[in-house]
Student: 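Sharing a structure with you now.
So you know, we letter chains A, B, ... as the sequences are listed, proteins then strands, and number each from 1.
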Amino acid sequence: MPRERVAALVEAAARAAIAEGALPDVALPAVALERPRDAAHGDYASSLPLRLARAATMPPLAIAAAIAERLPADGIVAAPEVAPPGFINLRLADGFLQGEVDRVIARGAAFADLAIGAGRRAQVEFVSANPTGPLHVGNGRGAAIGDTLASALAAAGYAVEREYYVNDAGAQTALFAETLHARYLRLFGREAAIPDGGYRGEYMADLAVEVREREGDRFLTDPGAPCPPALGELGIALMVARIRATLESFGVRYDRWFSERSLHEPPPEGGESAWGAALARLRADGRLTEREGALWLTAADLGEDKDNVVVRSDGRPTYFASDIAYHYDKFERRGFDLVIDVWGADHHGHVSRVEAGAEAMSERGGGLHVLLYQLVTLRRGDAVARVSKRSGDIVTLDQLIEEVGSDAARFFFLRSAPGSQMEFDLDLAVKQSNENPVYYIQYAHARLASMIDRAAAAGHSPEGGDAALLTAPHELALVRAMLRLPEAIELVATTFEPHHLARYGTELAAAFHAFNDAFRQQGDPGLKVITDDAALTAARLRLALAARIALGRVLELLGMSAPERM
RNA sequence: GCGCCAGUAGCUCAGUGGAGAGAGCGCUACCCUGCGGAGGUAGAGGUCAGAGGUUCGAAUCCUCUCUGGCGUACCA
């Protein structure tokens, strides 16, 4: 990455200044380069002189000068500038930028890939909504965040797996089964009451119809009888299939759908269940206590403020027990180095507990990172729409995708930081779907594709073009924008916040649009890509080709289509 | 009560302790004998919730207050 290389130059210059006695022998802090707001201040700026001033007991400007004049000349940066109160401003050299155009074309979409993951295994688990109802709009946020985060981690050099944790055990599952049972019986004219707190949504009636179509009357029982287990399992399976279809239409594919229930069963290859093994380990480490007939994970030396129940007094393990077993499985059995759980903020009370559990369970448990995203509040004009599966008043992700499209919906979710609350006005979203900023990025891609096609039809080829002919400010600005893609990927892979990529996409598209319209503003047809000058045309085609690669890569990471025409 | 997350332009939101605070939408004025106008340029619009503090430097870090969301289960 250019930034790293420039930072290394600054550090080398600072060391040289110390070695030559121009600076006192002070400890050098890590050289972090800032990106100046104002382009006139260059591509990068170092505030190192300001940080050193006190220890060195020298004026910052003098330090800046001492470092700047020792900057190795290796062709990456042009002559550095010193600016008050003590900045060193660094500008990428034209020759370097021109060479990068060729490098991007040669490497293709992988040009921005990084090695910071170093092949370590990462898992991103996201959405994982109970399969007791359709996904709602809030789940869409988790889906977009998790999926793009996984893509960014892969681009950063991790071996990434996407996983959906299917809650197919527990009280909610039982309630779902009983509701389905009642709906099913009603189809056959039996009197059957929806259980208290059961799922009231219409989709449950649809599901019962689907069951009848597939399996006929084989699940018929007396109205008072409990739900046949096979009916409950079928219901969950059908619901999971619907969720999977929704996510696929949202551009999300999982490597694995992990069953909660399987944690409590012996693995196919034999041996003890994950829960059994985890429990044995906790017991051996003396982390369990029995009280009031239940089994508790003790808070002591886990940094928790209270104990948590893992096995209820009736002998059934809690959801927390499943979570412990699940993370035991992730770290100890599957050996992930980095595990990211993407959760809605309504689960935040659970975070420290699970993190403490993971650390108690595995040496590698510190590799767990829970990424919380704030809930999406929905509005239709002035009315607040409630989101609740059990009440049945729900705006589904399917509806959102149908109304605004997958690309626009994903981009909407990816534009804001996970930690910020979002307000989603459905009326506005539909009304503005044609003005959605997502099209700004896609349109840039479509124009590039069309331009490249048109040039080919006119007999122009980027082959043999000389990127050194790219000297106009808008041309070089576009190259600069392309080269920030690896920085955006790094930011996402280290902060686990994918919205930076969405912001970057807008920035890159803006650089292209400005480039593309430059000749109009200046009334200079000479700035068009396809010109009478064959050599210049070939050079600009190379730039267009590289820009299209960068733009296509961003869209790919965001999980959006890269249209050739719109 | 306690805890977590937030409060930045009319609206929806960016902003890694660094140099006149940004984008999209909305508003105003311009720019096409066009490689695609779903575009570009310029402008109006801000007490970065408020008050202290740390720092050479704070929207950013710390403390308090106010406002909003969420949590505080032998539910998941």
Student: Salt bridge or not between A:E163 and A:K330? Use side-chain N to carboxylate O under 4.0 Å.
Tutor: no
Student: Using a heavy-atom cut-off of under 4.0 Å over every strand shown, decide if A:S420 touches base, sugar-phosphate, or nothing.
Tutor: sugar-phosphate
Student: For B:rU60 versus B:rA44, give the span between their P atoms, rounded off to a whole number of Å.
Tutor: 26 Å
Student: Tell me which nucleotide among B:rG36, B:rA21, B:rC70 gets nearest to the side chain of A:H348.
Tutor: B:rC70
Student: Between A:F496 and A:H369, does the ring centre distance come in under 6.0 Å?
Tutor: yes
Student: For the residue pair A:H350 and A:F320, does the interplanar ring angle fall in the parallel (under 30°), tilted (30 to 60°) or perpendicular (over 60°) class?
Tutor: perpendicular
Student: Please pick, from B:rC35, B:rA19, B:rG18, the nucleotide with the shortest atom-to-atom distance to any side-chain atom of A:A83.
Tutor: B:rA19
Student: Does a sphere of radius 6.0 Å around CZ in A:R291 hold more than 12 heavy atoms from other residues, nucleotides or ligands, not counting ones at 6.0 Å or beyond?
Tutor: yes
Student: Mind calculating the distance between CG (A:N308) and P (B:rU72) to the nearest angstrom?
Tutor: 12 Å
Student: Looking only at side chains, do A:H264 and A:S322 share a donor and an acceptor under 3.5 Å apart?
Tutor: yes
Student: In terms of side-chain heavy atoms of A:Y439, which of B:rG18, B:rG24, B:rA38 is nearest?
Tutor: B:rA38
Student: Kindly point out which of B:rG71, B:rU41, B:rA21 is positioned nearest to the side chain of A:D346?
Tutor: B:rG71
Student: Quick one: do the A:T506 and A:R415 side chains pair a donor with an acceptor below 3.5 Å?
Tutor: no
Student: Looking only at side-chain N and O atoms, does A:Y440 come under 4.0 Å of OP1 or OP2 in B:rG40?
Tutor: yes
Student: Between B:rG15, B:rG24, B:rC74, which one does the side chain of A:H499 approach most closely?
Tutor: B:rG15
Student: Nearest to the side chain of A:H350, which nucleotide is it out of B:rA76, B:rG20, B:rG71?
Tutor: B:rA76
Student: Measure the distance from CD1 on A:I236 to P on B:rA76 and round it to the nearest whole Å.
Tutor: 13 Å
Student: Closest approach to the side chain of A:L50, judged atom by atom: which nucleotide of B:rC5, B:rA19, B:rG18 is it?
Tutor: B:rG18
Student: Given B:rC70, B:rC35, B:rG69, identify the nucleotide with an atom nearest to the side chain of A:I530.
Tutor: B:rC35
Student: Which value, in whole Å, describes the distance between the P atoms of nucleotides B:rG68 and B:rC74?
Tutor: 29 Å
Student: Does any donor atom in the side chain of A:R51 or A:S47 lie under 3.5 Å from an acceptor atom in the other side chain?
Tutor: yes
Student: Does a distance-only test, which skips hydrogens and angles, find a donor-acceptor pair under 3.5 Å between the side chain of A:D323 and the base of B:rA76?
Tutor: no
Student: Using a cut-off of strictly less than 4.0 Å between a heavy atom of the residue and any atom of RNA chain B, enumerate the qualifying residues of residues 289-296 of chain A by number.
Tutor: A:E292, A:A294
Student: Apply side chain to side chain contact (heavy atoms under 4.5 Å, CB included) to A:L282 and A:I324, showing your working.
Tutor: CA-CA 10 Å; A:L282 289 179; A:I324 288 177; 4.2 Å; yes
Student: Do A:R503 and A:H500 get their side chains close enough for a donor-acceptor pair, meaning under 3.5 Å?
Tutor: no
Student: Report yes if at least one side-chain N or O of A:S450 is closer than 4.0 Å to OP1 or OP2 of B:rC35; otherwise report no.
Tutor: no
Student: For A:Y443 and B:rG39, is the gap between ring centres under 5.5 Å while the planes differ by less than 30°?
Tutor: no
Student: Under 4.0 Å, counting only non-hydrogen atoms across every strand here, what does A:A45 touch: a base, just sugar-phosphate, or nothing?
Tutor: base
Student: Check every atom of B:rA76, B:rA19, B:rC13 against the side chain of A:M422 and return the nucleotide holding the closest atom.
Tutor: B:rC13
Student: Using the ring centroid of each side chain, check whether A:F413 and A:Y373 are separated by less than 6.0 Å.
Tutor: no
Student: Under a 3.5 Å cutoff on both atom distances, Watson-Crick or G-U, what's the dot-bracket for RNA chain B ([ ] crossing, | other strand)?
Tutor: (((((((..((((....[...)))).(((((.......))))).....(((((..]....))))))))))))....
Student: Check the distance between B:rG36's C1' and A:M566's CE and give it to me in whole angstrom.
Tutor: 11 Å
Student: Looking at B:rC35, does its base get a donor-acceptor pair with the side chain of A:N516 below 3.5 Å?
Tutor: yes
Student: Pick the nucleotide of RNA chain B nearest each of A:H513 and A:R353; which residue has the one closer to the 5' end?
Tutor: A:H513
Student: Could you pick out which residue, A:S416 or A:G349, lies toward the 5' side of RNA chain B when each is mapped onto its nearest nucleotide?
Tutor: A:S416
Student: Measure the distance between the ring centre of A:H347 and the centre of the six-membered base ring of B:rA76, then answer whether it is under 5.5 Å with planes under 30°.
Tutor: yes
Student: On a whole-Å scale, what distance lies between the C1' atoms belonging to B:rG69 and B:rU63?
Tutor: 23 Å
Student: Okay, side chain of A:D407, backbone of A:S561: is any donor-acceptor separation there less than 3.5 Å?
Tutor: yes
Student: Among the candidates B:rC74, B:rG69, B:rU41, find the nucleotide nearest to the side-chain atoms of A:V309.
Tutor: B:rC74
Student: Looking at A:R503, does any N or O in its side chain come under 4.0 Å of the phosphate oxygens OP1/OP2 on B:rA14?
Tutor: no
